[in-house]
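All remarks here apply to the structure that follows.
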There are 2 protein chains.
Amino acid sequence: MKQPKVTVVDVAHAAGVSKSTVSLVLQGSSLVNEATRAKVGAVIRELGYVYNRSAANLRQSKSKIVGIVVNDLTNSFFAELAVGMDMVMQSAGYIQFMANSAENADRQAEVIASMREHGMAGLILSPARGTSAADLRPLVDSGIPVVLVARNVPGLKVSSVVSDGHAGAMAAVRHLIDLGHRRIAFLGGFNDTAVFDERMRGCRDALLEAGLGASDDLVISSAPSRAGGVAAVERLLSMADRPTAALCFNDAVAFGACDGLRSARIEPGVDFGVIGFDDVIEAKTAVPALTTVSVDPQGMGRRAAQLLLKQINAGHFEPEALVASARLVVRESCGAPQRVKELMA
Amino acid sequence: MKQPKVTVVDVAHAAGVSKSTVSLVLQGSSLVNEATRAKVGAVIRELGYVYNRSAANLRQSKSKIVGIVVNDLTNSFFAELAVGMDMVMQSAGYIQFMANSAENADRQAEVIASMREHGMAGLILSPARGTSAADLRPLVDSGIPVVLVARNVPGLKVSSVVSDGHAGAMAAVRHLIDLGHRRIAFLGGFNDTAVFDERMRGCRDALLEAGLGASDDLVISSAPSRAGGVAAVERLLSMADRPTAALCFNDAVAFGACDGLRSARIEPGVDFGVIGFDDVIEAKTAVPALTTVSVDPQGMGRRAAQLLLKQINAGHFEPEALVASARLVVRESCGAPQRVKELMA
């Protein structure tokens, strides 16, 4: 089944040029004229020659490989983030090592070490829960460009692309207050993460701004997943003085909250206001369509990839912190249409 | 910021051993005794030496890198498939190039070419729609082990891991018939794919087996996504002689169908039977919980990875076709509980 390997010498011979000319074509050199380049290219395709870029990278000691490590690929937000990075990297002629840490910091350390051993020009990391600055410092000190995405690691001086969770949460809760809600919960997410803290504080600050109480009872943490949302809303529904609306940690939690409400015969968007965070693809087509804080995950992925490529090409760099703006997208789950109908009646 | 690079010579000097001994330790050789191995290991960690595996791979001409290309990472099924592969590869000390083809065969060809250039020991491919045997033949002829997953490519002699779509679809439709449904649609999916054909034929064969008509009107294709499911069920609801249940191409379509039914004030699982295919994580927690044909995507990913590693290690191999069994998981969306209540009344 295996055929003898085609070499540069074979290509040079078939194209009637020197071995050095073939090498220049392979490196994309401008020293070769267009006609020769076309002829060599045609022979390469015809013979099925495969350029050994791994060897070329070693000679140039700069690889066209980046590493991407995400914390939970089964969450649509991170899958879309990865798709956004993939698009930019493919267009730029880069290829990525990609791994899922499954929120496990030890596993994250292992895959990063393995990516380093195999040679990567830079790393985009959506850090696992519990990642500390000390975990990443040896990598950063080695001079490999690192961009953090979605989550920051306090105390680490590297570039990052995160969303403005505080402003997004404030906009969402102000909207719920405008619709007449007075008891508003913050639902779901692990309460030991910076992202949780930021969004939860946005929710609290909007309540305080409106002169409403912001009790700790109204903050119900859970896994940041659909199943976590079901569990969190069940706890909410068992409260004596039950809230009438909730800002959820993310869209996955919001979908779970809608599921849990329906199980209890409470119609989301009619009997109870639900707002998500992220604006994943299915937010638009869900029933009720999810009102959510849009952070454009694919766009964040693209920006993180562009930032990393810029740093790789520059060779040296100052850390940059990009904060993607968060925009409230009003759909149906917050109860808005119903309320509008009432006001117009 | 960048520190001078630590070399093997530095490690040898600090550990008081020869350069060759350090090399043997790095290669995991059994020629070095345990005490020396431990001492060298401690120095490596202390100095922060990074083994250049890319160079080592070149010397050994066998890389610890595999390629994974999936067709749509934003679909939970493929994300879970990727997570399953990732788990096995990490445990085996392999690292993967991973790319999303976004169902674009040209893009798929580009990323595979790039992965080859960078050196991969094998490839797992969930082929983009429209991939032909001719597209992949040069890769297969080069002797690189290839495992197809989720979708087959007719005429290509490589290993594959697919689910038994025909048997799974038959089991699902038999269940709907047992519940009393007589007009059953097959909903969603691109009708030019082998997976569609197989599942659709399973649906039709179960109808014929029960002496029920299997009209082409009852097959409504769409994009295999949640939005596709909404569109497909809208077309179904506009039919004169409306079906009472549907087997959906996959879970994403089934969730979309439930959304579309609810928009039309038809309660899935009560007024209309819906069955999905795949059993993605959220099938269990959705409301109504989705009755679906379980193919265990993470398990399929793990099996594909194990098969690829087996072929890489064996050096030569005969293609193997693994067909993952498909099992009907009865939950709430097919209308079963309601029907059971009626029978018990």
Side-chain angles (χ1 to χ4, degrees), chain A residues 1-3 5 48 50-55 57-58 63-65 68 73-74 76 79-80 82-83 86-87 90 93 95-100 102 107 110-111 113-119 138 140-143 225-227 229-230 252 255-256 258-260 262-263 281-282 284-287 316, chain B residues 1-3 5 48 50-55 57-58 63-65 68 73-74 76 79-80 82-83 86-87 90 93 95-100 102 107 110-111 113-119 138 140-143 225-227 229-230 252 255-256 258-260 262-263 281-282 284-287 316:
Chain A
M1 207 177 211
K2 195 157 180 165
Q3 292 177 354
K5 209 170 164 182
V50 178
Y51 185 38
N52 187 340
R53 198 168 291 279
S54 177
N57 285 340
L58 265 187
S63 87
K64 292 280 258 183
I65 302 173
I68 294 177
L73 208 52
T74 65
S76 300
E80 288 181 38
V83 166
D86 181 274
M87 276 162 56
Q90 277 189 36
I95 192 158
Q96 63 263 350
F97 288 131
M98 199 189 288
N100 180 48
R107 202 159 145 183
E110 277 171 31
V111 295
S114 181
M115 288 177 179
R116 267 186 91 181
E117 285 188 355
H118 285 89
V140 173
D141 286 349
S142 75
S225 61
R226 194 159 182 144
V230 173
F255 291 133
C258 289
D259 290 345
R262 273 215 191 91
S263 288
I281 291 174
E282 64 228 67
K284 204 181 294 182
T285 51
V287 174
H316 68 285
Chain B
M1 205 181 217
K2 194 160 179 163
Q3 292 176 354
K5 207 170 167 184
V50 177
Y51 185 40
N52 187 339
R53 199 168 290 279
S54 177
N57 285 339
L58 263 188
S63 86
K64 291 282 259 182
I65 302 173
I68 295 178
L73 210 52
T74 66
S76 301
E80 289 181 37
V83 166
D86 182 275
M87 278 162 54
Q90 277 189 36
I95 192 161
Q96 63 263 352
F97 289 132
M98 199 188 290
N100 181 47
R107 203 160 144 185
E110 276 170 30
V111 295
S114 182
M115 288 177 179
R116 268 186 90 180
E117 285 187 357
H118 285 89
V140 174
D141 286 349
S142 76
S225 62
R226 195 159 180 141
V230 174
F255 291 134
C258 289
D259 290 345
R262 273 214 190 89
S263 289
I281 291 174
E282 64 228 68
K284 204 181 294 182
T285 53
V287 174
H316 68 285

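Note that these values count all heavy atoms, side chains included, but never hydrogens, waters or copies made by symmetry.
If you measure heavy-atom distances from V230(A) to chain B, the contacts under 4.5 Å come from the side chain alone. In this structure, the portion of I281(B) lying under 4.5 Å from any heavy atom of chain A is its side chain and not its backbone. Residue A227(B) touches chain A through both its backbone and its side chain, counting heavy-atom pairs closer than 4.5 Å. Contact of Q90(B) with chain A is made through the side chain alone, with heavy-atom distances under 4.5 Å. Of the two parts of A82(A), only the side chain, counted from C-beta on, holds a non-hydrogen atom closer than 4.5 Å to a non-hydrogen atom of chain B.
Rounding to the nearest 0.5 Å gives a distance of 7.5 Å between CZ of F255(A) and OG of S76(A).
Nearest heavy-atom pair, Q96(B) versus M98(A), reported as atom, atom and distance to 0.1 Å: NE2-O, 2.8 Å. Considering all non-hydrogen atoms of both residues, A102(A) and R107(A) come closest at CB-NH1, 4.0 Å.
Contact tally against chain A (heavy-atom pairs below 4.5 Å) for G229(B), A79(B), A99(B), P138(B): the top residue is A99(B). Contact count versus chain A (heavy atoms, under 4.5 Å) is highest, among T74(B), V83(B), I95(B), for I95(B). Counting heavy-atom pairs under 4.5 Å between each of K284(B), E80(B), M87(B) and chain A puts M87(B) at the top.
Using cut-offs of 30° and 60° for the angle between ring planes, the F97(A) and F97(B) rings count as parallel.
No donor-acceptor pair closer than 3.5 Å links the side chain of E282(B) to the backbone N or O of R226(A). In this structure, D86(B) contributes its side chain and N100(A) its backbone to a donor-acceptor pair below 3.5 Å.
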